[in-house]
Amino acid sequence: MINENDIKLTVVDQSPIRRGDTASSALKESVQLAQHVESLGYHRYWVAEHHNSTSFSGTSPEILIGQIAANTKNIRVGSGGVMLSHYSALKVAEQFSMLDSFYPNRIDLGVGRAPGSDRKTAAALTYPRRVMDVHQDFPQMVRDLASFLNEGPDDTHHLNGISAQPGKIKETSPIIWLLGSSDYSARLAAELGLPFSFADFFGNTSEYGPQVTDLYRKLFEPSNFLSEPLVNVGLQVTCAPTEEEAKFVGSSRNLNKIISRLGLSTQGLIPPEEATNWPLDNHAKNYMEQSTQSNIEGDPDQVKEGILLAAERYQTGDVGIVTNCYDFAHRKRSYTLVLKAFRPKGTRDLTPIG
């Protein structure tokens with residue numbers, strides 16, 4: 001049974017861009033939000049990777065992680081996640097080993113196999129090289145990444161003798177997480193003995209999500225990284241003083257998801273005043289209902305109950321929260337109210353809106 005004292009909260013930040021504002025502002029807000037949630041008592045802060053997007057500005061998690069870690073003191077900072085298929089295992093290992101050198105015991109390296117973009121943009125990220133065969137190459141890339149961050153490839157590997165500096169001269173290394181929304185990633189994480197984070201926040205994965213995490217636990221093989229399975233679940237959450245306001249604030253995110261699916265663009269999240277009155281046909285309305293069915297929206301008591309129910313379904317107290325709002329003040333308030341719901345005596349900063 002998962003209770004409120006078992007809940008360990010992580011922020012998963014996609015650095016959303018408002019219509020009429022800039023990507024630069026969104027990135028600066030990510031740093032400010034990290035400082036805010038650290039003051040509240042959140043455990044981790046993970047940043048996402050998206051490319052060629054008018055809605056999300058985080059194209060380089062490793063750079064944003066460095067900025068956040070430099071402007072915070074204790075909170076763990078990491079990627080949620082690096083899209084490993086665009087890069088080389090050695091380069092990613094070097095980047096995160098360097099981050100760990102500056103901020104030891106604070107860096108997480110979450111990796112995923114999704115492109116974080118459309119196919120054309122994914123091709124541009126590797127051009128003029130071919131786009132890798134994810135099913136064939138991704139498992140080996142994760143194995144190589146793990147080895148580069150530890151003892152290096154063994155003498156049976158053709159890359160033996162290559163080190164991800166400054167790896168071997170340090171006592172610590174980043175914690176690797178495998179991220180995913182399917183049994184593919186769960187199986188690979190179990191095989192390699194790595195922690196696994198399931199993306200329930202996608203909105204349409206919750207029906208089979210608990211089955212995926214159960215499979216991960218069943219197949220898990222202890223490793224040098226982890227002796228027993230470790231599951232994190234990422235949830236889409238909007239918290240406000242009332243349920244009505246939470247749904248109002250969340251309308252910008254919900255509409256953005258539909259517009260993106262239809263291949264349209266509003267150049268960023270639009271104000272909730274417009275989003276709530278946006279004309280949608282029946283097909284779009286049905287898609288919205290399906291793609292937001294696992295969203296948790298409401299007042300603090302409702303959100304707390306929703307998070308606890310999700311934690312029970314996934315049998316983990318390790319919870320990541322994604323909150324995308326048009327107004328930055330609403331986003332800060334949402335994270336504040338969530339933490340206050342679980343730690344009413346430990347919330348130190350209740351910044352009002354206005």
Side-chain angles (χ1 to χ4, degrees), residues 9-40 42 45-48 50 53-58 64 68 80 199-203 234-261 265-278 288 291-300 302-304 306-307 319-341 347 349-354:
L9 294 171
T10 294
V11 171
V12 182
D13 179 15
Q14 297 179 317
S15 303
I17 306 171
R18 286 183 294 278
R19 188 183 67 184
D21 209 339
T22 65
S24 177
S25 293
L27 294 172
K28 291 174 182 176
E29 288 176 354
S30 287
V31 177
Q32 294 169 26
L33 183 60
Q35 293 172 320
H36 177 68
V37 299
E38 180 180 49
S39 76
L40 296 172
Y42 277 79
Y45 198 96
W46 285 355
V47 296
H50 295 92
S53 171
T54 61
S55 300
F56 305 115
S57 58
L64 187 52
I68 290 171
D200 183 281
F201 66 88
F202 284 176
L235 306 174
Q236 188 77 244
V237 176
T238 305
C239 191
T242 67
E243 180 181 9
E244 181 181 14
E245 185 176 359
K247 292 184 179 299
F248 176 75
V249 168
S251 64
S252 298
R253 173 208 59 223
N254 295 345
L255 180 63
N256 181 265
K257 190 176 183 71
I258 288 185
I259 289 174
S260 175
R261 177 73 174 180
S265 174
T266 58
Q267 298 300 313
L269 273 66
I270 69 171
E273 293 82 2
E274 292 185 40
T276 54
N277 295 304
W278 197 275
M288 178 182 286
S291 63
T292 61
Q293 59 186 342
S294 64
N295 288 6
I296 301 172
E297 297 177 323
D299 64 33
Q302 291 171 315
V303 165
K304 179 180 178 179
I307 290 174
V319 175
I321 295 177
V322 182
T323 301
N324 291 330
C325 305
Y326 174 82
D327 193 311
F328 182 52
H330 287 154
R331 196 151 65 111
K332 288 177 64 179
R333 183 184 64 181
S334 182
Y335 282 112
T336 300
L337 292 174
V338 171
L339 198 286
K340 184 182 179 183
T347 305
D349 183 358
L350 297 178
T351 306
I353 287 186

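Residue numbers count from 1 along this sequence. The structure displayed is predicted, hence computed values, not measured ones.
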Q. Can you tell me how far CE of Met288 sits from CD1 of Ile258, rounded to the nearest 0.5 angstrom?
A. 3.5 Å
Q | From Thr10, Val237, Val12, residue fulfilling side chain to side chain contact (heavy atoms under 4.5 Å, CB included) relative to Ile321 | A | Val237
Q | Those residues that, when tested against Ala275, pass side-chain contact (heavy atoms from CB on, under 4.5 Å) (two or more places apart) | A | Ser251, Ser252, Leu255, Ile270
Q.
Between Val47 and Ile68, is there a side-chain heavy-atom distance shorter than 4.5 Å?
A. yes
Q) At what distance, to the nearest 0.5 angstrom, does SG of Cys239 lie from NE2 of His330? A) 12.5 Å
Q.
In the structure I gave you, are the side-chain heavy atoms of Val249 and Asp327 within less than 4.5 Å of one another anywhere?
A. no
(Q) What's the separation between atom CG in Leu235 and atom CD1 in Ile296, rounded to the nearest 0.5 Å? (A) 4.5 Å
Q.
As an exercise, state the distance from CG of Leu40 to CG of Leu337, rounded to the nearest 0.5 Å.
A. 10.0 Å
Q) How would you list, by chain and number, every residue that makes a side-chain contact (heavy atoms from CB on, under 4.5 Å) with Ile17, sequence neighbours excluded? A) Ala23, Ala26, Ser57
Q: Can you see which heavy atom on Gly203 is nearest to which on Gln293, and at what distance?
A: O-CG, 3.4 Å
Q. Do Val303 and Ile307 touch side chain to side chain, with heavy atoms closer than 4.5 Å?
A. yes
Q: Would you sort out whether Ser55 and Asn256 count as a side-chain hydrogen bond (donor to acceptor under 3.5 Å, both in side chains), showing the intermediate values?
A: CA-CA 8 Å; Ser55 300; Asn256 181 265; 2.8 Å; yes
(Q) Using the side-chain hydrogen bond (donor to acceptor under 3.5 Å, both in side chains) criterion, which residues pair with Gln236? Sequence neighbours excluded. (A) none
**Q.** ring-ring contact (aromatic ring centres under 6.0 Å, His included) partners for Phe56, two or more places apart
**A.** His50
(Q) Run the ring-ring contact (aromatic ring centres under 6.0 Å, His included) test against Tyr335 and tell me which residues pass, sequence neighbours left out. (A) Tyr42
Q | From CA spacing to verdict: side-chain contact (heavy atoms from CB on, under 4.5 Å), Leu64, Leu27 | A | CA-CA 8 Å; Leu64 187 52; Leu27 294 172; 4.1 Å; yes
Q) For Thr276, which residues count as a side-chain hydrogen bond (donor to acceptor under 3.5 Å, both in side chains) partner, sequence neighbours excluded? A) none
Q | By side-chain hydrogen bond (donor to acceptor under 3.5 Å, both in side chains) - contacts of Glu244 (at least two apart) | A | none
(Q) Quick check for you: to the nearest 0.5 Å, what is the distance between Asn324 atom CG and Arg18 atom CZ? (A) 12.0 Å
Q) Which distance, rounded to the nearest 0.5 Å, do you find between the CZ of Arg333 and the OG1 of Thr238? A) 10.5 Å
Q) Are any non-hydrogen side-chain atoms of Arg253 and Asn295 less than 4.5 angstrom apart? A) yes
Q) Taking the side chain as C-beta and beyond, is there a heavy-atom pair between Val11 and His36 under 4.5 Å? A) no
Q | Under the salt bridge (Lys or Arg N to Asp or Glu O under 4.0 Å) test, residues paired with Glu274 that sit two or more places apart | A | Arg19
**Q.** With Lys304 via side-chain contact (heavy atoms from CB on, under 4.5 Å) - residues at least two apart
**A.** Glu4, Leu308, Ala341, Phe342
Q) Is the backbone N or O of Phe202 less than 3.5 Å from a side-chain atom of Lys257, with the two atoms forming a donor-acceptor pair by type? A) yes
Q: Considering non-hydrogen atoms only, spot the tightest contact between Ala240 and Pro300 and give its length.
A: O-CD, 3.4 Å
Q: Mind checking side-chain hydrogen bond (donor to acceptor under 3.5 Å, both in side chains) for Asp200 and listing every partner two or more places apart, or none if nothing turns up?
A: Ser294, Tyr314
Q. Of all residues at least two apart in sequence or in a different chain, which pass the salt bridge (Lys or Arg N to Asp or Glu O under 4.0 Å) check with Asp299?
A. none
Q) Can you name the salt bridge (Lys or Arg N to Asp or Glu O under 4.0 Å) partners of Arg331, sequence neighbours left out? A) Asp13
